Amino acid sequence: PSFVPQISSLPEIIVMHLLGDGGEVDGTRLVFGAFADPWPGTVRLKNETTGADLGSVSTRATVGELTQSLLPATGTGALWDRQSEILLTLYAGHLASTTELDTLNGANRLGVLNDDGDWEIIGFATSELLSAGAYRLTNLLRGVQQTERQAVQASSSGNRVILLDQSLSAISVASSQLEATLGLRAFAGSFDITGQSLSHFLSLEMALPLAPANLRAEKLAGSDDIQLHWKRRTQIGGDSWVGTSVSLDFPPEAYTLGIFDGSNLVRQSVSNLSSWRSEEHTSELQSH
């Protein structure tokens, strides 16, 4: 009779709680991948409490670790950082350079675990092979996919990195699941009936409304009034090109506007629109 060898391995499971890609029904998603050598063929992830299947991966992820600490980002997220570099070692697989246009369009996305236990997503255009499995990444986009808050934390040498590619699987996270610990069990291959237990806390912070963007100020004709305009951002349904504004994540729409003189708050107002007009204290606005 034929004999099929059983591959036994305990894969490393990486689970990331990330924002959706703009087309998600729910605002956040759970993204997971696995690495093992030898690879068991398939790694399945189940809800440990209900036993429900959450997804599976059939290809091992490109996983490694930082070999040099990565300092916090100093600029706005999703802008080119020509000064910083990422030094890392991969356990298997490889990285390749791409054009800056392709990077802006979503290619070469790397998840980097920071010292707070959160994941910053970084785009890179240039990959330089230094030695077997060792790379230097430059021409970086820090804090992409709405991970600006994660980008302001340092990532120490030895922290995990993972390439976001087709080897990963994603599960939509309902709002009712937030602020709770999700129990998981991963099964490696068809012969694994025990699996390994792990858990992940689904933080509400990942689902908080995104800060508005494109702030503009204009002086209104015929008066000394100043009007501010901005664009709201969304985590849900923002991938459509129909209409002039994206959907509202959390009604009602409301913004707190603060005007500062250095670090001192000199005025604060609340607006229910994506604009605000100063009809008084105009000299105060102009000076600050």
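Treat the numbers as computed from the prediction; the structure is a model and nothing was measured.
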Is there a side-chain contact between Trp80 and Thr103 in this structure, where contact means two heavy atoms from C-beta onward sitting under 4.5 Å apart?
yes

Mind running salt bridge (Lys or Arg N to Asp or Glu O under 4.0 Å) on Lys219 and Asp224 for me, showing each step along the way?
CA-CA 7 Å; Lys219 186 175 181 180; Asp224 289 332; 3.8 Å; yes

Pairwise distance CG(Leu71) to CD(Gln83) - rounded to 0.5 angstrom
12.5 Å

Check the hydrophobic clustering (I, L, V, M, F, W, Y; side-chain heavy atoms under 4.5 Å; chains of links allowed) and say if Leu164 and Leu140 are grouped together.
no

If I take atom CG from residue Asn214 and atom OG from residue Ser274, how far apart are they, to the nearest 0.5 angstrom?
11.0 Å

Nearest heavy-atom approach of Ser269 to Trp276 is CB-NE1, 3.4 Å

Within the distance-only criterion (no hydrogens, no angle test), does the side chain of Asn139 pair as donor or acceptor with the backbone N or O of Phe124 below 3.5 angstrom?
no

Does any non-hydrogen side-chain atom of Leu30 lie less than 4.5 Å from one of Leu202?
yes

Shared hydrophobic cluster for Val144 and Met16 (ILVMFWY, side-chain gaps under 4.5 Å):
yes

Is any side-chain N of the basic residue among Glu120 and Arg160 closer than 4.0 Å to the acidic one's carboxylate O?
no

Side-chain heavy-atom pair Leu90, Leu95 within 4.5 angstrom cut-off:
yes

Heavy atoms only: give me the nearest Ser157-Gln68 pair and the separation to one decimal.
OG-N, 3.8 Å

Less than 4.5 Å apart, side chain to side chain, heavy atoms only: is that true for Leu257 and Leu228?
yes

Side chain Gln153, main chain Asp116, donor-acceptor under 3.5 Å
no

Spell out, yes or no, whether Val161 and Leu163 are grouped together once hydrophobic residues are joined by side-chain heavy atoms under 4.5 Å, including indirect joins.
yes

Strictly under 6.0 Å, is that where the ring centroids of Tyr255 and Trp230 end up?
yes

Among the clusters formed by ILVMFWY side chains lying less than 4.5 Å apart, do Val63 and Leu66 turn up in the same one?
no

Heavy-atom side-chain proximity of Arg60 to Pro11 below 4.5 angstrom
no

Please find the pair of heavy atoms, one from Ser155 and one from Val112, that lie closest to each other, and give the distance.
OG-CG1, 3.7 Å

For the pair Arg185 (side chain) and Thr194 (backbone), establish whether a donor and an acceptor sit closer than 3.5 Å, ignoring hydrogens and angles.
yes

For a quick check under 3.5 Å, do Glu12 and Tyr91 share a side-chain donor-acceptor pair by atom type?
no

Side-chain donor or acceptor of Asp53 paired with backbone N/O of Gly55 under 3.5 Å:
no

A side-chain contact here means heavy atoms from C-beta on lying under 4.5 Å apart; do Leu70 and Ile122 qualify?
yes

Can you measure from CZ (Arg44) to OG (Ser190) and round to the nearest 0.5 angstrom?
8.0 Å

Residue among Val173, Leu204, Leu18 satisfying side-chain contact (heavy atoms from CB on, under 4.5 Å) with Thr28
Val173

Are any side-chain N or O atoms of Arg149 and backbone N or O atoms of Glu205, one a donor and one an acceptor, separated by less than 3.5 Å?
yes

Quiz question: by atom type and distance under 3.5 Å, do the side chains of Asn159 and Ser156 form a donor-acceptor pair?
no

Output, in order, the C-alpha distance, side-chain angles, deciding distance and verdict of salt bridge (Lys or Arg N to Asp or Glu O under 4.0 Å) for Glu148 and Arg233.
CA-CA 14 Å; Glu148 297 100 331; Arg233 294 191 292 165; 3.4 Å; yes

Just by modelled atom types, is the Ala213 backbone N or O under 3.5 Å from a matching donor or acceptor in the Arg232 side chain?
no

Determine the minimum heavy-atom distance between Tyr135 and Ser127, stating which atoms define it.
CD2-OG, 3.3 Å

Is a donor on one side and an acceptor on the other found under 3.5 Å between the side chain of Asp261 and the backbone of Asn264?
no

More than 12 foreign heavy atoms under 6.0 Å from CD of Glu218: is that the case here?
yes

Write down the atom of Ile121, the atom of Gly111, and the distance for their closest heavy-atom approach.
CD1-CA, 3.9 Å

Can you confirm whether the side chains of His200 and Thr181 place a donor and an acceptor under 3.5 Å from each other?
no

Any side-chain heavy-atom pair of Ile171 and Phe32 under 4.5 Å
yes

Within a radius of less than 6.0 Å around CD of Gln166, do more than 12 heavy atoms belonging to other residues, nucleotides or ligands occur?
no

Take Glu85 and Arg142, measure what salt bridge (Lys or Arg N to Asp or Glu O under 4.0 Å) needs, and give me the verdict at the end.
CA-CA 11 Å; Glu85 63 179 13; Arg142 297 291 301 271; over 6 Å; no

In sequence, state the C-alpha distance, the side-chain angles, and the governing distance for Ser271 and Glu253, and then conclude on side chain to side chain donor-acceptor pair (under 3.5 Å).
CA-CA 8 Å; Ser271 174; Glu253 182 174 10; over 6 Å; no

Show your working on side-chain contact (heavy atoms from CB on, under 4.5 Å) between Met206 and Leu208 and close with a plain yes or no.
CA-CA 6 Å; Met206 292 302 303; Leu208 293 178; over 6 Å; no

hydrophobic_cluster_shared for Ile86 and Leu129, side chain cutoff 4.5 Å:
yes

If you compare all heavy atoms of Leu248 against all heavy atoms of Pro252, which two are closest, and at what distance to 0.1 Å?
CD2-C, 4.2 Å

Within the structure provided, determine whether Gln196 and Phe187 are in side-chain contact (heavy-atom separation under 4.5 Å).
no

Taking Thr147 for the side chain and Gln150 for the main chain, is one N or O donor matched with an acceptor at less than 3.5 Å?
no

Rounded to the nearest 0.5 Å, the CG atom of Leu45 sits from the CG atom of Leu54 at a distance of 5.0 Å

Side chains of Asn108 and Asp102: do they bring a donor and an acceptor to under 3.5 Å?
no

Atom OG of Ser56 and atom NZ of Lys46: how far apart are they, to the nearest 0.5 Å?
10.0 Å

Let me see the working for Leu178 and His17 under side-chain contact (heavy atoms from CB on, under 4.5 Å), right down to the final yes or no.
CA-CA 10 Å; Leu178 298 174; His17 186 204; 3.8 Å; yes

Side chains of Glu48 and Ser199, donor plus acceptor under 3.5 Å
no

Keeping the roles fixed (side chain from Asn114, backbone from Asp118), state whether a donor-acceptor pair exists under 3.5 Å.
yes

side-chain contact (heavy atoms from CB on, under 4.5 Å) between Leu88 and Leu137, worked out
CA-CA 8 Å; Leu88 59 86; Leu137 307 182; 3.7 Å; yes

Trace of the side-chain contact (heavy atoms from CB on, under 4.5 Å) decision for Leu104 with Leu141
CA-CA 8 Å; Leu104 290 170; Leu141 289 173; 3.8 Å; yes

